[in-house]
There are 2 protein chains.
Amino acid sequence: MTKYEMIAGKIRQRIREEVYPVDSLIPDQVSLAKEFKVSRMTVKKAMDILELEGLILRKRGAGTFVKKTALSEGLTASIMEYEGLTKQLANQEVKSQVISFKLDFPNELTQEKLMLDKHDPIYKIIRLRVVDDAPYILEHTIMNANLIPGINEDILHQSIYDYIHKELNLQFGGAHRIIQADKASEYDQKYLDCDEHDPILEIEQVVYLEDGTPFEYSRSRNKYNTRSYNVVDF
Amino acid sequence: MTKYEMIAGKIRQRIREEVYPVDSLIPDQVSLAKEFKVSRMTVKKAMDILELEGLILRKRGAGTFVKKTALSEGLTASIMEYEGLTKQLANQEVKSQVISFKLDFPNELTQEKLMLDKHDPIYKIIRLRVVDDAPYILEHTIMNANLIPGINEDILHQSIYDYIHKELNLQFGGAHRIIQADKASEYDQKYLDCDEHDPILEIEQVVYLEDGTPFEYSRSRNKYNTRSYNVVDF
DNA sequence: CAGTGGTCTAGACCACCGT
DNA sequence: CGGTGGTCTAGACCACTGG
């Protein structure tokens, strides 16, 4: 733990406990540097973190203020993470029903999305995610099989992301997402317990490793009134 | 323009022109500091920018690499901005048809979303955004009338955001969004040229000023196959 | 073990805001 | 104008990676 992280933590706590109330001026960097016995640069780095989290507003010549939203925000995470469902719904029971699991070659769209050659092998996976015994999300996933080897039905019943992280020791680097509405296909109707005219929310995404290699292209579909996509940005 | 922004710009250009190709090692910070005749801290700050933009990957002990995605990304902006339609579709002809424009008091939901008292006045605006003569988005907007005074039909036909920025001199500070699918209401059907069973994509958002004061609560609805919501994150 | 990036310092100067 | 935050420096030490 670095000094600036410690200091950011202390200030964050003071904001939450309203020692520094909403809309008020925070002590200046020189005073804080003295209090924490560090250089001003270190205090500034701590403030950089809090600004990224959306807790404070800094004005040259005026000072640093606590934002009105500092308390009301549930979480500080800037965007919904691409951690997979298992982590997002940690408290509820998430099961996975494997509908289809094949090895195949990529079509043109997939070649482009995953930066692949037409002869590179891919996994084609269709899973139904079930939460508390109700169908929740129908996931069509395509993965680079050379990059993520050794997938089997056992893993598919649990968390693919855990496997990639902990077994293969690969780090994630980001994702591109397209969120759109769509009509229910027969597939959706069959597995998501929905009507012919129920709207579907689809999250199409490409997920990257930390060096920028795309490893997954997926479309996650759910019935319109079961799930939304949330974004917080500052 | 600061030194570290200049340096970030130069390095960014070298990456784009493949002087530093994808997957390659960038010269170390000490060499770059010498080349640009600055201290190493300044080079590091430049690198901080490029990392935020998702162009590079830094590994302690190893070096700094160009990410595979550095070239393929259209834009570096981390999230779609809340600039309003007028700016997003700068090249196309965007018109606004004002369907309804009233002054009113907030209901409970609005009081909560906009941090208002029940006696605070609000604008209730319904606009149809028309692009190239086709209906595009139906916007239900509620604004804090004390915060954003002086709105009139003239402004509603153009860009409210420009008015807030340039006339009122207020800066934006962020937004919360919920993206979801919904069934078409009679209202949607009437104005968006859609069928009873066409899915609707709705973006519900609260937009904040830089000090965290919420000033707008809106729901933007469009037919399922006309618009998607895109997110890029690193 | 050499070389990398990350942290931290003490101090300097600058840009900006309010009075 | 005084006080704020932003930038920048030169140098030190540390943590980590790779051969």
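Model, not experiment: these values are computed from the prediction.
- Residues A:Tyr136 and A:Arg129 have side chains that never bring a donor and an acceptor to within less than 3.5 angstrom of each other.
- Checked against the 6.0 Å centroid criterion, the rings of A:Tyr208 and A:Phe215 do not qualify as a close aromatic pair.
- When DNA chain D is scanned in the 5' to 3' direction for atoms under 4.0 Å from non-hydrogen atoms of chain A, the outermost contacting nucleotides are D:dG3 to D:dC8.
- B:Asp117 contributes no side-chain N or O that, together with a main-chain N or O of B:Asp120, makes up a donor-acceptor pair within less than 3.5 Å.
- Between B:Ile11 atom CD1 and C:dG5 atom C1' there is a gap of 15 Å when expressed in whole angstrom units.
- Here A:Lys44 lies in heavy-atom contact (under 4.0 Å) with a base.
- Toward the 5′ end of DNA chain D lies the nearest nucleotide of B:Val43, the other residue of the pair B:Arg40 and B:Val43 mapping further downstream.
- For A:Tyr229 and B:Tyr229, the gap between ring centers reaches or exceeds 6.0 Å.
- Atom pair B:Asp28:CG and C:dA2:P shows a separation of 16 Å (rounding to whole Å applied).
- For B:Gln29 and B:Met41, each mapped to the nucleotide of DNA chain C holding its nearest heavy atom, the one lying further toward the 5' end belongs to B:Gln29.
- Between A:His165 and A:Phe172, the angle of the ring planes goes over 60°, which puts this pair in the perpendicular group of the 30/60° scheme.
- Backbone-only contact: B:Val38 has heavy atoms under 4.0 Å from sugar-phosphate atoms and none from a base.
- Judged by distance alone, the side chain of B:Gln180 and the main-chain N or O of B:Glu202 form no donor-acceptor pair under 3.5 Å.
- With the nearest nucleotide of DNA chain C identified for both B:Arg58 and B:Gly61, B:Gly61 has the one nearer the 5' end.
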